[in-house]
2 protein chains.
Amino acid sequence: MLRVDTIDHRIISCLVSNARSSYAEIGAAVGLSAPAVKRRVDRLLDTGVLQGFTAVVDPEALGWGTEAFVEVHCRGNVAPGEIKANLEPLPEVVAAYTVSGAADAIVHLRASDIHHLETALERLRSVEIIDRTVSTVVLSRLLERPPAPDQQA
Amino acid sequence: MLRVDTIDHRIISCLVSNARSSYAEIGAAVGLSAPAVKRRVDRLLDTGVLQGFTAVVDPEALGWGTEAFVEVHCRGNVAPGEIKANLEPLPEVVAAYTVSGAADAIVHLRASDIHHLETALERLRSVEIIDRTVSTVVLSRLLERPPAPDQQA
DNA sequence: CTTGAAAAAACGCGAGC
DNA sequence: GCTCGCGTTTTTTCAAG
């Protein structure tokens, strides 16, 4: 059902590096005609391998210069779904994961400045199921990139 | 130079939610003609506010089901640029940040499975400037989304 | 400086093979 | 998976606010 061959990988690579390239351009890069590329892309979208296309925005330019990673410790045992439901309404939460180790979850926060970050942290800490948080403020973004096309997979 | 008004924000929102939408579609959403939208998008690309367009890929589908966050502690004082240069060659590193607190950096790793993750961690620890690492393995992805259009910015 | 309208050129998308 | 053809879109040029 979700078979992804070498050509699909190359098509995905093209789209990751430029989501607005035309089917003809992709076809030229992978050695297929434009309609053939479109059919594969449609299939990849159907099967969920491709989840969509988005613009990469400079966070600084829109006033999202400050970010932090927050270890979240919950009260007692909480289901992942419950944590997700509680984090979803907070707009500063750009990512969240349940993790191994002492913490229950890691939350990635993005805010416009330190003050906004503080506000977001207060709101996060006021969430019922959350007991305690440990914040790590990001000083500089060193690297941020899509996963490599593939490798030893 | 990098003035971004309300219409630009709405155009960016459209492109973030679907990078492949046509200029006519965007124009209809923001109340501009297609050429006017294109000019603004070109300008946003020129000024670096928009950095490009990419496909959102399901990590599972390409064999990137396992990820981890790693606190990196360096030997002595190391410049951010040096850390970046040392991390860039490692394909499993999808993001890295210098941070406040005890650690020097947080590295986001993505691997195909636990074994691959272990290999990647070994390679990471073998980097000269790195003294010690503390790994946190991700159990489940709760949330992952682009920053909200904007807010109290 | 920005917009809207109209031109040619390129692209998307279905049918047929 | 490829070719063909029609309708739509993009993109450039031009004139106006």
Side-chain angles (χ1 to χ4, degrees), chain A residues 1-64 112 146 148-151 153, chain B residues 1-58 60-63 146-151 153:
Chain A
M1 180 192 178
L2 44 87
R3 164 141 192 74
V4 180
D5 66 13
T6 309
I7 297 180
D8 289 327
H9 276 104
R10 294 173 63 196
I11 292 174
I12 291 169
S13 291
C14 290
L15 286 170
V16 166
S17 61
N18 180 11
R20 280 182 82 83
S21 45
S22 71
Y23 294 122
E25 281 169 348
I26 301 168
V30 306
L32 249 57
S33 71
V37 173
K38 179 182 161 32
R39 280 185 5 194
R40 280 172 180 262
V41 172
D42 286 343
R43 187 174 55 82
L44 291 169
L45 285 167
D46 274 353
T47 56
V49 175
L50 283 174
Q51 302 183 334
F53 305 98
T54 186
V56 182
V57 182
D58 178 15
E60 310 283 342
L62 276 88
W64 290 90
S112 53
D150 68 341
Q151 60 193 85
Chain B
M1 180 191 181
L2 44 87
R3 162 139 193 74
V4 180
D5 64 14
T6 309
I7 297 179
D8 288 327
H9 276 104
R10 293 173 63 195
I11 291 174
I12 292 169
S13 291
C14 289
L15 286 170
V16 166
S17 61
N18 181 12
R20 280 182 83 83
S21 45
S22 72
Y23 294 120
E25 282 169 348
I26 301 168
V30 306
L32 249 58
S33 71
V37 173
K38 178 182 166 27
R39 272 190 295 271
R40 280 171 179 263
V41 171
D42 286 343
R43 202 197 64 212
L44 291 169
L45 285 167
D46 275 353
T47 57
V49 175
L50 282 174
Q51 301 184 335
F53 305 98
T54 186
V56 181
V57 182
D58 177 15
E60 310 281 343
L62 275 86
D150 69 339
Q151 60 194 85

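Every chain is numbered from 1 and lettered A, B, ... according to where its sequence line falls, protein lines coming before strand lines.
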| Stems formed with participation of DNA chain D [Watson-Crick or G-U wobble, under 3.5 Å, three or more pairs] | C:1-6 with D:12-17, C:8-17 with D:1-10

| Rounded C1' spacing from D/dA16 to C/dA8 in Å | 22 Å

| field | First-last contacting nucleotides on DNA chain D - partner chain A, under 4.0 angstrom, heavy atom | value | D/dG1 to D/dT3

Can you give me the N/O atom pairs linking the protein to nucleotides 8-15 of chain C at distances under 3.5 Å, or say none if there are none?
{"from": "C/dG12", "atom 1": "OP2", "to": "A/Tyr23", "atom 2": "N", "distance (Å)": "3.4"}
{"from": "C/dC13", "atom 1": "OP2", "to": "A/Lys38", "atom 2": "NZ", "distance (Å)": "3.3"}

| message | Can you give me the closest heavy-atom contact between B/Ala29 and B/Cys14, atom names plus distance? | response | CB-SG, 4.0 Å

| field | Non-neighbouring partners of A/Pro146 that pass side chain to side chain contact (heavy atoms under 4.5 Å, CB included), sequence neighbours left out | value | A/Val16

| query | Under the salt bridge (Lys or Arg N to Asp or Glu O under 4.0 Å) rule, what pairs show up with a residue in residues 54-63 of chain A, not counting sequence neighbours? | reply | A/Glu60-A/Arg141

| said: Can you list everything that forms a side chain to side chain contact (heavy atoms under 4.5 Å, CB included) with B/Val41? Sequence neighbours excluded, please. | reply: B/Ile11, B/Leu15, B/Tyr23, B/Val37, B/Leu45, B/Leu50, B/Phe53

| query | Could you give all pairs that pass the salt bridge (Lys or Arg N to Asp or Glu O under 4.0 Å) test and reach residues 12-38 of chain B, with sequence neighbours left out? | reply | B/Lys38-B/Asp42

| said: I'd like to check the side chain to side chain contact (heavy atoms under 4.5 Å, CB included) partners of B/Ser33; sequence neighbours left out, ordered by chain and number. | reply: B/Pro35, B/Ala36

| message | Are A/Leu62 and B/His9 packed together at the side-chain level, in the sense that at least one heavy-atom pair is separated by less than 4.5 angstrom? | response | yes

| Quick one: CD1 on A/Ile26 to OG on A/Ser21, what's the gap to the nearest 0.5 Å? | 4.0 Å

| query | Going by the salt bridge (Lys or Arg N to Asp or Glu O under 4.0 Å) test, which pairs reach into residues 6-18 of chain A, not counting sequence neighbours? | reply | A/Asp8-A/Arg40, A/Asp8-A/Arg43

| task | Locate the shortest heavy-atom distance separating B/Ala19 from A/Ala55; write the atom from each residue and the value. | result | CB-N, 4.0 Å

